[in-house]
Amino acid sequence: MNAVKPAAKADPKLANAWKTKAGRDLTEPELMAMPEAEYMNEKQLEFFRAKLQEQKDALLSNAGETTEHLREDTSIVPDPADRATIEEEHALELRTRDRERKLLKKISQSIARIDAGDYGFCDETGEPIGLGRLLARPTATLSLEAQQRRELKQKMFGD
């Protein structure tokens, strides 16, 4: 994290922008330029709540489009190869939507964590997850180190 500080201090506008803007209006560079002492303050929580809500809304609108797409492609196709292609496309689309359904659940859990005051802190260690990781994966519940340990255990023991 110390490597980010010099770049943040080089532009005082970025470092102080959070003081005058609403959390949902902050940009990612402005968020990263905030002092470490302000980790998970009201503005950061508001930023992540807006980001999660935006993701949730996008996923929900995609789900409606899938229903429409599957409904319009149900016409009977006489050629078996064409029918197989359509069925494979439908299966792929349904797998994608299933992944999105699981992501929706994680998003809802993350919003609940914001409400509970637990957002941004590792489930295992209680340490800050870090802004960079949360920007990349807003639903993260583990710090990078804890996640790497978990993945290594899964690889070794097939959990």
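- Side-chain contact between Glu28 and Lys51 is present, with at least one heavy-atom pair separated by less than 4.5 Å.
- Looking at heavy atoms from C-beta onward, Arg99 lies out of side-chain contact with Leu103 at the 4.5 angstrom threshold.
- Taking CG of Leu144 as the reference point, atom CZ of Arg149 lies at 10.0 Å (rounded to 0.5 Å).
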Side-chain donor-acceptor contacts of residues 129-140 below 3.5 Å, not counting sequence neighbours, with atom names and distances?
from, atom 1, to, atom 2, distance (Å)
Arg133, NE, Leu142, O, 2.9
Arg133, NH2, Leu142, O, 3.4

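- Of all heavy-atom pairs between Ile114 and Leu45, the closest is CD1-O, 4.0 Å.
- Summarising the geometry of Tyr39 relative to Pro128, their closest heavy-atom pair is CE2-CB, 3.3 Å, with the distance given to 0.1 Å.
- Side-chain contact between Gln148 and Leu152 is absent, with no heavy atoms from C-beta onward closer than 4.5 Å.
- The stretch residues 109-122 participates, sequence neighbours left out, in these salt bridge (charged side-chain N to carboxylate O under 4.0 Å, His left out) pairs: Arg49-Asp115, Arg113-Asp123.
- Under a cut-off of 6.0 angstrom, the local environment of CD in Gln109 is crowded, with over 12 non-hydrogen atoms contributed by other residues, nucleotides or ligands.
- Under a 4.0 Å N-O distance rule, the pair Asp98/Arg95 does not qualify as a salt bridge.
- The structure places CD of Gln44 at 5.0 Å from CG of Asn41, a figure rounded to the nearest 0.5 Å.
- No side-chain heavy atom of Thr96 sits under 4.5 Å from any side-chain heavy atom of Asn62.
- For the pair Phe48 and Met40, the tightest heavy-atom approach, listed with the atom from each and the gap, is CE1-CE, 3.8 Å.
- Considering all non-hydrogen atoms of both residues, Arg97 and Glu100 come closest at NH1-OE1, 2.8 Å.
- Of the possible polar contacts, one joining the Glu30 side chain to the Thr27 backbone as a donor-acceptor pair under 3.5 Å is found.
- Counting only heavy atoms from C-beta outward, the side chains of Gln53 and Asp57 approach each other to under 4.5 Å.
- Atom CD1 of Ile86 sits about 6.5 Å away from atom NE2 of His90, to the nearest 0.5 Å.
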